[in-house]
2 protein chains.
Amino acid sequence: MASKRATLADVARLAGTSPTTASLILNGKPDTRFSADAHRRVHDAVAQLGYRPNMGARALRTDRSLTIGFISDVVATTRFASGLIRGALEEAEKAGHVMLVLETGGDPARQDEAVGAVLDRQVDGIVFATMRARELVMPSLPESTRVVMLNATSPQFGLSVLPDEESGGRSAVDLLAAAGHTEGIALIGQNDEVEDDLFRSATVARRVHGLRSEVKALGLSLLTEESCWEWEPENGYRLTAELLDRRPDVTSLLCMNDRLAFGAYQACQERGLTVGRDISIVSFDNDELAAYLRPGLTTIGLPHEAMGHQAVQLLLSEAAPGERLIEMPVVERSSISVGDTESSTALLARERLDARRKHARDTIPTP
Amino acid sequence: MASKRATLADVARLAGTSPTTASLILNGKPDTRFSADAHRRVHDAVAQLGYRPNMGARALRTDRSLTIGFISDVVATTRFASGLIRGALEEAEKAGHVMLVLETGGDPARQDEAVGAVLDRQVDGIVFATMRARELVMPSLPESTRVVMLNATSPQFGLSVLPDEESGGRSAVDLLAAAGHTEGIALIGQNDEVEDDLFRSATVARRVHGLRSEVKALGLSLLTEESCWEWEPENGYRLTAELLDRRPDVTSLLCMNDRLAFGAYQACQERGLTVGRDISIVSFDNDELAAYLRPGLTTIGLPHEAMGHQAVQLLLSEAAPGERLIEMPVVERSSISVGDTESSTALLARERLDARRKHARDTIPTP
DNA sequence: TCAATATGGTAAAAGCATTTACCTACATTG
DNA sequence: CAATGTAGGTAAATGCTTTTACCATATTGA
C-alpha cells in the first residue's frame with residue numbers, strides 16, 4: 001500500500017487545499033492565518049498518508065538540512081573517542097538533527113574529501129573532532145559554514161571545546177590532600193621535554209601545570225617526579241618498582257593516566273603493598289580499566305560525553321568564538337587510603353575541591 | 001570570492017553550453033556523445049569553479065543519495081561497538097558513500113524516529129546494528145529499502161552479518177590442543193540455562209556448541225565446566241580460585257570472555273601459578289584488556305571491523321538474503337604454555353586450525 | 001536529387017517543498 | 001458610494017540536477 005512516499009501535493013489534494021496552504025499550515029508559526037477547518041483537514045491528511053517532508057527538497061529551498069557533519073581523525077582506534085560521538089549524537093537528536101559521521105585518519109586528503117562530502121549534503125554545521133593532533137589545519141570553507149573544534153583547536157576556527165585539564169590536575173592533588181596525604185606524593189609519568197606530538201604536549205602541559213600549582217597552593221611539595229615517555233603499563237610498573245625500592249617514604253602516587261596506574265598496581269602488589277590501604281593511587285582518564293582493578297582506581301575522568309554534547313550545542317547556537325573548558329569529573333573508587341582528614345590542609349583541599357565541583361555544575365548546562 | 005557555491009548552471013554558462021550538455025558530459029558513460037572540445041570546456045569550468053553537485057538536488061531526481069543510514073542500539077556504551085562503525089565507515093567511504101549514524105538505545109520509539117529520519121534523507125539503504133538484542137523487531141519499511149542486520153537477525157529482513165561463534169569456539173579448543181594440552185581443560189563461565197537475554201543466549205549457545213564439538217572431534221573431554229551468569233572479573237576470580245583449590249589437575253582454562261580471564265589471572269597469580277607456564281588460558285573477545293595483561297592473553301577476537309565492512313558491502317550490492325558468518329580471528333599472545341606439540345592430537349588440532357584460517361581467508365573478501 | 005542517418009547539441013519537464021506576490025469576497029469606515 | 005481592510009486562500013517562482021524528447025546541420029547512400 002505505501003508503495004510510494006506521500007508528497008506535500010498528495011496531502012494538499014487529500015485535504016482539498018493548495019500545496020501552498022498545506023505547507024503554510026504545517027510550517028507557519030502564526031496559526032491563525034488559515035481557518036480552523038483547513039488546519040484540521042491538512043493535519044488529518046498528513047496523519048492518514050503518513051506524510052513526512054523530503055529533507056533534500058526542503059534543504060534545496062531553505063538551506064537548512066537538519067543534518068550536521070561530524071568529522072574526526074579517529075573515532076574507534078582510540079578507546080575514548082566514542083564518548084565524543086555519543087554525546088554529540090544525543091545532543092543532535094535532542095535538537096532534531098541527524099549526524100553524518102566521517103573519519104579521516106588524520107590524512108589531509110581524506111579530510112578535504114570529507115569536508116567536501118558533507119558540504120555537498122548541505123550540512124548545517126561541522127564538528128571537527130580529534131584524538132591526536134591538537135592544532136588542526138583545515139581546508140578553507142565557505143564563510144557561512146558554522147564550525148566547532150572538538151578536543152582540538154585551530155587557527156582558523158575560533159570555537160573549541162576542550163577538557164579542563166588544569167582543573168583536573170588540581171582535583172587529583174586535592175583528592176589526595178583531602179584524604180590526609182600531604183607528603184610522600186610522587187608524580188609518575190609527567191614529561192616536560194618538548195614533544196612533537198602536539199596533542200599530548202598541550203594536554204600534558206595543562207594537566208601538569210594544574211597539579212603543580214595546586215600542590216603549591218596547598219603549601220605542599222612533591223616528593224619526586226618520575227618521568228617517562230610512553231604512558232603504558234610497563235612504564236608504570238618499572239617506574240613504580242624502582243621508586244618503591246628507592247624511597248620507602250612514598251605514600252601516594254599521582255599517575256598521569258590509568259594505564260600507568262595499572263602498572264603501578266602490579267608493582268605495589270608484588271611488594272606486598274595493598275593499594276588503598278598501604279599506598280594511595282590517583283590517576284587520569286577513567287579508562288575502562290579503572291573499574292576492573294581491585295581495588296577500584298580513583299581517577300580524574302576525561303569528560304568526552306559532555307564535550308560532545310557541548311560541541312553540538314554550540315554549533316547549533318549562535319555562540320561566540322572562544323575556548324570552552326569542560327570540567328573533568330572526579331570518579332572516586334577505592335585506591336586512596338584515608339588518613340587524617342581533619343588537618344587544616346585536608347580541610348582546605350576539600351573545600352577547593354567542592355568549590356570546583358560546584359562551579360562545574362553551574363557552568364556546564366549539559367545534564 | 002567563493003561566496004556562493006557554484007551550480008551546474010554556472011558551469012554551463014562558463015563553458016558556453018547548456019546545463020543539459022554539462023550534466024551529460026559530467027555523468028554520461030559514453031564519452032563520445034559530445035565533441036572533445038565541449039568536454040574540455042566543461043571540465044575546465046568545473047575545475048575553475050570548484051563545482052560539486054548538490055546531493056540533495058541530485059537525490060531528488062535520481063533517488064540515490066550516496067548516503068547510508070547506520071542505526072544501532074548502542075555504539076559507545078559497549079566497548080566493542082565502535083569496531084562495527086569503523087568497518088562500516090571505511091567500506092562506505094570506499095564506495096563513495098557517507099554514513100548517517102543514529103543511536104536508539106534499543107527504545108522502539110526512538111528506533112521508529114531514527115528510521116523516519118534516515119528515510120527522510122533518502123538513504124540508499126540501512127544497516128541495523130546491535131550489541132544487545134539478537135532478534136530485532138523493526139518498523140515496517142517501504143518495500144524498496146535495502147536493509148542489512150549487523151550483529152543481529154530479524155524475522156523481517158533476511159540479510160544479516162554475524163560472527164562465526166561456532167568456528168571461534170572450535171579454534172579456542174584447537175589452540176589448546178595444538179599446544180599439547182589434551183587433558184585438564186576447564187571451561188569457565190558457560191551457562192546453559194535459558195536466558196531472557198536473547199543476544200547472549202544465541203551467541204553463547206553457538207560458542208559453547210563449537211567448543212564442545214571440537215573437544216569431541218579431537219577425541220578429548222573437558223575436565224569440568226564452571227558456569228556463572230555475569231561475565232565479570234569477580235566471577236572469573238571466584239570460579240578459578242575455587243576450581244584451583246578443588247582440582248589440582250587442571251592445566252588449562254577456557255574462559256568465555258576476556259573479563260573472566262582477567263579474574264582468572266588474579267586467582268592464578270595469588271596461588272603462585274604463572275600463566276603461560278604453569279597454566280594456560282585462552283578466552284574470547286579480544287578486549288582491550290587482553291593486551292595489557294602480563295603475559296598477554298591469547299584470545300579469539302570478535303571480528304567487528306570485518307563485520308562492519310561486510311555489512312556495507314552487502315548493503316550496496318545486490319546480495320541475496322542469508323546469514324553471513326565472519327570468521328573470528330585468533331590472536332595469539334603468551335597465555336598458553338607449550339607442551340607436547342608432536343602428539344597426534346596436537347597435529348590434528350593444528351591442521352584443523354589452519355584449515356579454518358585458510359577457509360576464512362578465501363571466504364571473506366574484506367582486507 | 002531525395003531520403004536516411006549521424007553528429008552535436010538544447011528546451012523543458014520532473015522531482016519536492018517553500019515563499020513571494022497576488023487574488024477574491026466580504027465587511028467596515030468616512 | 002468609494003475607499004480601505006481583512007480573512008482565507010492560491011499561482012507561480014525558486015532552489016539544483018537529471019533526463020526525455022526534440023532540433024538543426026551535414027553527410028552518406030541510392
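We name chains A, B, ... by the order of the sequence lines, and we start the count at 1 in each one.
Regarding A:H39, its NE2 atom lies at a distance of 10 Å from the C1' atom of D:dG8, rounded to whole Å. For A:D120 and D:dC16, the CG to P distance is 13 Å, given to the nearest whole Å. With rounding to whole Å, B:I25 atom CD1 is found 7 Å from C:dG9 atom P. Counting to the nearest Å, the P atom of D:dT17 and the CG atom of B:L66 are 14 Å from each other. For the pair A:D63 CG and D:dT14 C1', the interatomic distance rounds to 12 Å; values are reported in whole Å. For the pair A:R121 CZ and D:dC16 P, the computed distance is 17 Å after rounding to whole Å.
In this structure, A:E91 contributes its side chain and A:V312 its backbone to no donor-acceptor pair below 3.5 Å. Under a 3.5 Å cut-off, the side chain of B:T17 and the backbone N or O of B:A15 do not form any donor-acceptor pair. Side chain of B:R5 to main chain of B:R52: a donor-acceptor pair is present (N/O by atom type, distance under 3.5 Å, no hydrogens or angles). Using modelled atom types, no side-chain atom of A:D124 and backbone atom of A:I68 make a donor-acceptor pair closer than 3.5 Å. At least one donor-acceptor pair closer than 3.5 Å links the side chain of B:D10 to the backbone N or O of B:T7.
Close to D:dA11, at under 4.0 Å from its OP1 or OP2, lies no side-chain N or O of A:S18.
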side-chain hydrogen bond (donor to acceptor under 3.5 Å, both in side chains) between A:S23 and A:T20, intermediate numbers included: CA-CA 5 Å; A:S23 173; A:T20 305; over 6 Å; no
Could you please spell out the steps behind the side-chain hydrogen bond (donor to acceptor under 3.5 Å, both in side chains) verdict for B:T67 and B:R121? CA-CA 8 Å; B:T67 303; B:R121 285 157 182 88; over 6 Å; no
List the protein contact pattern of nucleotides 14-19 of chain C with one symbol per nucleotide (5' to 3'): B for base contact, S for sugar-phosphate-only contact, - for none; contact means a heavy-atom distance under 4.0 Å. BBBBBB
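Among A:L316, A:I126, A:L159, the one residue that satisfies the side-chain contact (heavy atoms from CB on, under 4.5 Å) test with A:R146 is A:L159.
Comparing the axis of the opening five pairs of the helix from C:dT1-D:dA30 to C:dG30-D:dC1 with that of the closing five pairs yields an angle of 60°, rounded to 10°.
Backbone-only engagement by B:A38 is indicated by non-hydrogen atom pairs under 4.0 Å involving sugar-phosphate atoms exclusively. Using a 4.0 Å heavy-atom cutoff across all strands shown, A:A22 reaches no nucleic acid atom at all.
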Close N/O contacts between protein and nucleotides 5-7 of chain C (under 3.5 Å):
none

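Atoms CZ and CE, from B:R64 and B:M55 in turn, are 10.5 Å apart once rounded to the nearest 0.5 Å. The CG atom of A:D73 lies 3.0 Å from the OG1 atom of A:T130; values are rounded to the nearest 0.5 Å.
Looking only at side-chain heavy atoms (C-beta outward), A:E93 and B:R110 come within less than 4.5 Å of each other.
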